[in-house]
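The block underneath contains the structure these notes are about, expressed in structure tokens.
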Protein chains: 4
Amino acid sequence: MTQDEKTSRRQDCIFQAVIEALSEYEYYQLTIEDIAARAGVGKSTIYRWWKHKSELVLDTFRAHTASIFDLDLAKTLEDNLIQQLTRLAQALNHPVGRALLVVMANHRELAGNFFHDFLLPRREQMHALLQQSIERGEIRSDYPFDLMLDTLYGPIHYKIIFFNRMPDDAYIRALVSLVLQPVRMQASH
Amino acid sequence: MTQDEKTSRRQDCIFQAVIEALSEYEYYQLTIEDIAARAGVGKSTIYRWWKHKSELVLDTFRAHTASIFDLDLAKTLEDNLIQQLTRLAQALNHPVGRALLVVMANHRELAGNFFHDFLLPRREQMHALLQQSIERGEIRSDYPFDLMLDTLYGPIHYKIIFFNRMPDDAYIRALVSLVLQPVRMQASH
Amino acid sequence: MTQDEKTSRRQDCIFQAVIEALSEYEYYQLTIEDIAARAGVGKSTIYRWWKHKSELVLDTFRAHTASIFDLDLAKTLEDNLIQQLTRLAQALNHPVGRALLVVMANHRELAGNFFHDFLLPRREQMHALLQQSIERGEIRSDYPFDLMLDTLYGPIHYKIIFFNRMPDDAYIRALVSLVLQPVRMQASH
Amino acid sequence: MTQDEKTSRRQDCIFQAVIEALSEYEYYQLTIEDIAARAGVGKSTIYRWWKHKSELVLDTFRAHTASIFDLDLAKTLEDNLIQQLTRLAQALNHPVGRALLVVMANHRELAGNFFHDFLLPRREQMHALLQQSIERGEIRSDYPFDLMLDTLYGPIHYKIIFFNRMPDDAYIRALVSLVLQPVRMQASH
DNA sequence: TCATAATCGAGACGGTACGTCCCGTCTTCCT
DNA sequence: AGGAAGACGGGACGTACCGTCTCGATTATGA
């Protein structure tokens, strides 16, 4: 086994420890020492890779949600949106996602980084999907799509943070339906 | 001066200290000891009234934003919405509002309380306004208004937390316009 | 009980913890955390009074050996010297004394302070005693007394540090006798 | 170059690194990692030969002071003593010597070993010299010479450790003179 | 001349103690 | 009598080294 593989496995081990810990208590109770103990590594190993607890949690989230946001271009726009938002809601409602929200709120500069590295690509995927739908003639081409995406993503985060409740399937379907209504081709007839 | 007045002044003094401190650094750097020193009170005085730093920040936000959310029933629905969301964005973008967002993310149970005490009343005001607009025949009556409000409030919070940027006037106007579009009476023609 | 008394008692408690710990293991194994645990105080309480472990040990030594070096002017010079050196040897051979020697070796600047605050006064007492003996006509007045004191104190420390052995009574008596020999009045006959 | 030569050179390199490091800061700040870096060797190479930092310092002192304590039997006893004590004082006052004193204070068992390997042979050389002086009729034969050597060696160490000052030439001459006074042949006339 | 083995630098690792910071409680002493 | 001032026990922080260990690059040797 090479050095890189070992390092990678150890990091996975640490991510697992974070997930395990966050399943038992909240982010603000999370300590590096507990993570190290659960992962069976020394504190210094953790500090070697991550400057702060917040960065570790952020990477844990990344590792935990890797590639769950892939679109399926064969499906309809609506199905893709529903699937995307459902997965987002699930990811954010998971203990690691909750912790991520705390980190984002606490560290504005990390929020910026995370936004660029993680959220923006998702939006761009979605833009590509919208572009395809436009080309297929399913939706209007003259529409403030960025704003539209905010009205989809915003309420999901809003519900989880402020209502402390995960949006259920019905909510998401209703939301997508409501937001897509004015943009459909037939809506302009 | 009565005892109550003294108490009230001391509390105002503490709120001011919190605001002042949050103007200089972020919530996660805020300490009770610094607040006490700035307010010229003992730590125990603060702990007498608030169990945790988070509750103090929450009350500070309440005091800081008291009565800025009153509706003006004489204005149009759109103007009211724009004014409401603008004020919300300003309040949340202010250091105390930023701190509030952090507290909400950190303490889910407080988020629940705050939602019931503060956000729900605002929504109910807004519902009343919608009801008035329906009666005036300005907007449709068959519409998922709760969901609609989420698509208004959600993006505001979303922009501030994740984009780390306060929505400007143009954004808010565009948002309100977009969301109100399908609900206007003439939209169904 | 006043604040000062309480502080004093707590400090005694900490000194006792240091003595207890040093009776079980060597100075280099001594940790602040263990001292705090034994004394039933928080680490911060110890750091409030002493900057470093070395200063704490130094003060512990001071407290432990307070007023054991008083001279008895009624006794003869030889008896006083023997008593003084015996007590010194006992103090240095005690675990706390051993620790002191380590601190002195490690921290040269502390050695200087300690020398001025503790050892110099002892020498001055001894000088007074010598002066009295001169006046009584027991010893010569023309003699390098400072050097003489070095040949008394030096070997005691030397034996303990390098031979790792406490000078016994016979050794001390022989040393005093040897050193006093040329300074006695009858020696000049 | 044979393997042994390389090993030897590497060890010299490490000794030099220790001396260099101790010239810049005190023993308690010395780290194996810094030594390894200065010597351009891996940490494991050091640990292969020395169990602890203290043993390395001890060997460095040995290497650094090798054969500076040879007596010159042609010279007088007094000159030999002065030369010996001057060299001792210089060796102990050198950074490496200071470090040795710290090691001796810290590790009592090492002090014992070092005493047997290094100090005792010096004393035995000195005893031989004394024996020669007795045979030459320069000094008395009935005298506690062991004790006498303590009154010579002791003050040197004492001055350096506790007064934090190297005994100068005048001091050493005065000391030797004082101690030799009663043992000279003419002293008994 | 080249593969093959041994050696050693480099430094990651699990640990431990450090000294700091701030928590929330509790006591003292001044106004 | 009530509150500021701040000492206190506690506990997590992030750092510095310890002594062990693994990995590769660099030799040194035997085929």
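Residue numbers begin at 1 in each chain, while the letters A, B, ... track the order of the sequences. Predicted, not measured: the structure shown is a model, and the values here were computed from it.
Applying the salt bridge (charged side-chain N to carboxylate O under 4.0 Å, His left out) test to pairs two or more places apart or on separate chains, those with a residue in residues 35-45 of chain C are Glu20(C)-Arg38(C), Glu24(C)-Arg38(C), Glu33(C)-Lys43(C), Asp34(C)-Arg38(C). Sorted by first and then second residue, the pairs that involve residues 4-41 of chain B and meet ring-ring contact (aromatic ring centres under 6.0 Å, His included), not counting sequence neighbours, are His107(A)-Tyr28(B), Phe15(B)-Trp50(B).
Summarising the geometry of Ala91(A) relative to Thr65(A), their closest heavy-atom pair is CB-CG2, 3.8 Å, with the distance given to 0.1 Å. Minimum interatomic distance between Ala111(A) and Ile161(B) (heavy atoms only, all atoms of both residues): CB-O, 3.9 Å.
Dashed line: the shortest gap from a side-chain N or O of Arg48(D) to OP1 or OP2 of dC8(E) is under 4.0 Å. For dA4(F), the OP1/OP2 oxygens have a side-chain nitrogen or oxygen of Arg10(B) closer than 4.0 Å. Put simply, Thr45(A) has no side-chain N or O that comes within less than 4.0 Å of OP1 or OP2 on dA12(E).
Rounded to an integer number of Å, the gap from Leu56(C) CG to dC18(E) C1' is 15 Å. Rounded to a whole Å, the CZ atom of Arg9(C) is 16 Å from the P atom of dT27(E). We find that CH2 of Trp49(A) is positioned 17 Å from P of dG14(F), with the value rounded to whole Å. Atom C1' of nucleotide dG9(E) and atom CZ of Arg38(D) are separated by 18 Å, given to the nearest angstrom. Between Ile14(C) atom CD1 and dA7(F) atom C1' the separation is 12 Å, expressed in whole Å. Here the C1' atom of nucleotide dA5(F) and the CD1 atom of Ile35(B) are 17 Å apart, to the nearest Å. In this structure, Ile46(D) atom CD1 and dG19(F) atom C1' are separated by 12 Å, rounded to whole Å.
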In B/S/- notation (B base, S sugar-phosphate only, - none; protein heavy atoms under 4.0 Å), nucleotides 19-24 of chain E written 5' to 3' is BB-SBB

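In this structure, the side-chain contact (heavy atoms from CB on, under 4.5 Å) partners of Phe114(B), at least two apart in sequence or on a different chain, are Leu58(B), Phe61(B), Arg62(B), Leu100(B), Met104(B), Phe118(B), Leu119(B). Remark: His157(B) engages Tyr158(A), Phe162(A), Leu88(B), Leu92(B), Leu101(B), Tyr153(B) in a side-chain contact (heavy atoms from CB on, under 4.5 Å) (not counting sequence neighbours). Every residue meeting the side-chain contact (heavy atoms from CB on, under 4.5 Å) condition with Ser44(A), not counting sequence neighbours, appears here in chain and number order: Arg48(A). Qualifying side-chain contact (heavy atoms from CB on, under 4.5 Å) partners for Arg108(A), counting only residues two or more places apart in sequence or in other chains: Glu26(B), Arg98(B), Asn164(B).
Where the helix from dT1(E)-dA31(F) to dT31(E)-dA1(F) starts and where it ends, the local axes point in directions that differ by 20°; five pairs per end, rounded to 10°.
With contacts defined as side-chain heavy-atom distances shorter than 4.5 Å, the pair Leu30(C)/Val57(C) qualifies.
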